[in-house]
J.: 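Here it is, the structure in full.
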Amino acid sequence: MKVALTSGYSDTPLAKKLGIRECSFMLVSGAPADYRKLLQPLPCGAIFEDKPGAGTDIAHVFDTEQQELTKFLGALRKKLKPEAIEWIS
């Protein structure tokens with residue numbers, strides 16, 4: 001019996017799962033040391049920003065403290081465009 005093997009979601013690169021596209025502006029806060037390595041291959045022109053702004057397309061925030069996270073997200077949402085993607089880990 002032959003079983004057809006199909007490429008599923010687990011074979012999708014992390015950058016694609018997170019919605020990173022060509023020329024995306026990304027803010028990353030508190031990420032693990034190997035985070036950027038895990039995102040490889042990155043789409044052409046993807047840019048990491050140091051501060052959030054109206055041009056930020058994706059914000060990925062890593063935090064384990066609820067109070068810190070709540071405070072940070074409140075300030076972050078005021079600076080991002082409404083359609084920006086926010087990931088919390």
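What's counted below: heavy atoms across the whole structure, side chains too, no hydrogens, waters or symmetry copies. For reference, positions follow the sequence shown, starting with 1.
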J.: With a 4.5 Å limit on heavy-atom distance, are the side chains of Leu42 and Phe48 in contact?
T.: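 Sidechains of Phe48 and Leu42: in contact.
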J.: Can you give me the closest heavy-atom contact between Thr56 and Lys51, atom names plus distance?
T.: OG1-O, 4.2 Å
J.: When clusters are formed by joining ILVMFWY residues with side-chain heavy atoms under 4.5 Å apart, either directly or through shared neighbours, do Val28 and Ile88 land in the same one?
T.: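 No, separate clusters.
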J.: Which pairs would a plain distance check flag for residues 61-80, meaning a side-chain donor or acceptor within less than 3.5 Å of a matching protein atom at least two apart in sequence or in another chain?
T.:
from	atom 1	to	atom 2	distance (Å)
Asp63	OD1	Glu65	N	3.0
Thr70	OG1	Gln66	O	2.8
Arg77	NE	Glu86	OE1	3.4

J.: Could you grab the distance from atom CG of Leu27 to atom CG of Asp57, nearest 0.5 Å is fine?
T.: 11.5 Å
J.: What pair of heavy atoms forms the shortest contact from Ile58 to Leu18, and how long is it?
T.: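 Looks like CD1-O, 3.9 Å.
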J.: Which pairs, with at least one residue in residues 21-47 and sequence neighbours excluded, count as a side chain to side chain donor-acceptor pair (under 3.5 Å)?
T.: Tyr35-His60
